[in-house]
Amino acid sequence: MNGPVASTIGVPLVDLAVQHAQIAEEVAAGFREVMASSAYIDGEEVHAFEREFAAFSGGGFCVGVANGTDALELLLRSQELPEGAEVLLPTNSFVATAEAVVRAGLRPVLTDCTDDHLLSGDTMGDRLTGATGAVIAVHLFGQQADMGSIAARLAGTGIAVFEDAAQAQGATRAGCGVGQQSAGAATSFYPGKNLGAYGDAGAVVTPDEGRADRIRCLGNHGSAAKYVHTAVGVNSRLDTLQAVVLRAKLRRLATWNDERRRAARLYETLLADVGEVRTPRTLPGNEHVWHLYVVEVDDRDHVLEELHRAGIGAGVHYPTPIHLQPGWGHLGHRRGEFPVAERHASRILSLPMFPGITDDQIGAVVSALKDAVSR
Ligand SMILES: *Cc1c(COP(=O)(O)O)cnc(C)c1O
């Protein structure tokens, strides 16, 4: 090879070991206590975490559940919509958002997204009908959707607004955290999320105590009092051991989100003069938590391959919008129906992003990316 030698340090998309190193002792001590008490389900750590996570989000009530998909499903079920009511969601989400709608006995209605990958009052367009019962704003990649434009579009309709905040723990809009400007937010503590458990876990945050009680009841076999089942529920609870991990991580989440913001600023600076790469925009009024740092490039698959060859763990979130997934053909969509989401799907590229990522690692990613787009 001629010319300067490309970077030789490999960089993973996500490195969870950095976080674990900081909480390892706390978690081990917490696990020992839980094991000594045998309170594996519904232990004190779960209640403490729920209080702390609600406070971290800006207030309201938190209910821990088994994963983020369940959180969305139970949030929708808590609305008690008529069976088959329509629920709007952007087609460029993770498929779980649509799955939750189906599992709640409702009908997913997909919409296109903005240039910033989000739902807005405009992107809902003519997808609202007399049968629309709710919309789900997905705070994709770590920033909140424009909740004001969504509320304005729905004013006077009685349609409920929910948030899929799986990628947005700590994100604020006009100073408001997730679950503060809607009927409720569902979040996921899948290990790779900004706040990740050591397995599956999730939660709902809602300003409405009655809704929180309904969700807790539904997720506990429809039971608020032992052996009395007032609804056909499911088993979806947050394990005490996961709550130990989540409490330890929550204490550091603001710092870790700051580290992600610092990394995003460095990417922005280093990529500012690289015309082939479109860097992500933060909406005015938003505090972004950079779950993913997603750029856009031409010839994405080629660039992705080159990055992988250089040892850079770039990814794509997500390569196929829900309306074009083979398992979702029954929704009856065709290619071309959601042009913005479809264009993004062929151009987006997620660069390595995690708390503790070093300047050298970011430098290596940028240098490999510059090589890849110029080749
Ligand atoms: C991770 C994720 C989910 C699902 O969460 P699980 O805990 O894996 O069930 C839902 N929506 C979005 C946008 C996600 O990123």
Side-chain angles (χ1 to χ4, degrees), residues 13-14 16 49 53 62-77 87-104 106 108 110-111 113-114 116-119 134-145 147 161-171 178-179 182 184-205 215 219 234-239 242-243 245-246 249 257 260 280 288-294 315-323 325 327-328 341 344-345 348 350 353-354:
L13 181 62
V14 178
L16 297 177
F49 171 71
F53 190 68
C62 171
V63 183
V65 298
N67 57 67
T69 314
D70 282 3
L72 283 162
E73 178 190 340
L74 296 175
L75 187 54
L76 289 164
R77 286 185 62 179
V87 178
L88 254 66
L89 67 136
T91 187
N92 63 316
S93 186
F94 181 56
V95 72
T97 320
E99 282 172 340
V101 174
V102 173
R103 284 180 30 181
L106 305 168
L110 301 172
T111 73
C113 61
T114 65
D116 302 300
H117 314 280
L118 300 165
L119 185 78
V135 309
I136 305 176
V138 181
H139 301 326
L140 205 67
F141 306 150
Q143 71 174 325
Q144 291 197 30
M147 301 302 285
V161 181
F162 296 112
E163 300 167 70
D164 178 340
Q167 303 190 0
Q169 292 125 358
V178 300
S182 70
T187 198
S188 163
F189 305 124
Y190 180 81
K193 300 285 158 79
N194 286 39
L195 180 60
Y198 286 179
D200 279 310
V204 168
V205 177
I215 290 168
V234 296
N235 176 357
S236 186
R237 297 174 296 224
L238 176 65
D239 289 344
Q242 298 300 350
V245 174
L246 292 169
K249 286 194 170 185
N257 282 345
R260 289 175 184 269
H288 205 310
V289 293
W290 301 105
H291 174 60
L292 292 166
Y293 190 84
V294 177
V316 178
H317 301 86
Y318 298 90
T320 308
I322 297 169
H323 72 283
Q325 288 289 354
W328 292 80
H344 288 159
I348 49 178
S350 308
M353 170 57 81
F354 49 89

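Bear in mind that the values here come from a model prediction, so they are computed numbers and not experimental data. Indexing begins at 1, ligand by ligand and atom by atom, following the structure's order. Note: hydrogens, waters and symmetry copies are ignored here, and every other heavy atom, side chains too, is used.
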So which atom in [X] and which in [Y] form the shortest heavy-atom distance, rounded to 0.1 Å?
{"X": "A145", "Y": "L119", "result": "CB-O, 3.5 Å"}
{"X": "L13", "Y": "H317", "result": "CD2-CE1, 4.0 Å"}
{"X": "V178", "Y": "V205", "result": "O-CG1, 4.2 Å"}
{"X": "Y318", "Y": "N92", "result": "CD1-O, 4.2 Å"}

Would you check if there is a donor-acceptor pair between the side chains of S182 and E163 at a distance under 3.5 Å?
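Side-chain D/A pair, E163 to S182: present.
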Structural part of D70 in contact with ligand 1, heavy atom criterion under 4.0 angstrom:
neither
Which bit of T69 gets closer than 4.0 Å to ligand 1, counting heavy atoms only: side chain, backbone, both or neither?
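The part of T69 near ligand 1 is both the backbone and the side chain.
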If you have a sec, work out which protein heavy atom is nearest atom 8 (O) of ligand 1 and how many Å separate them, to one decimal?
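That would be S188 OG, 4.0 Å.
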Among all the protein's non-hydrogen atoms, which is closest to atom 11 (N) of ligand 1, and how far away is it?
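The closest one turns out to be D164 OD2, 2.7 Å.
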Enclosure of Y190 OH (heavy-atom neighbours >12, cutoff 6.0 Å):
no
Any N or O on G68 sitting closer than 3.5 Å to an N or O of ligand 1?
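Yes, G68 has an N/O under 3.5 Å of an N/O on ligand 1.
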Which of the atoms of ligand 1 are close to T97, meaning less than 4.0 Å from one of its heavy atoms?
11 (N)
So between K193, E99, Q167, whose heavy atom ends up nearest atom 3 (C) of ligand 1?
K193
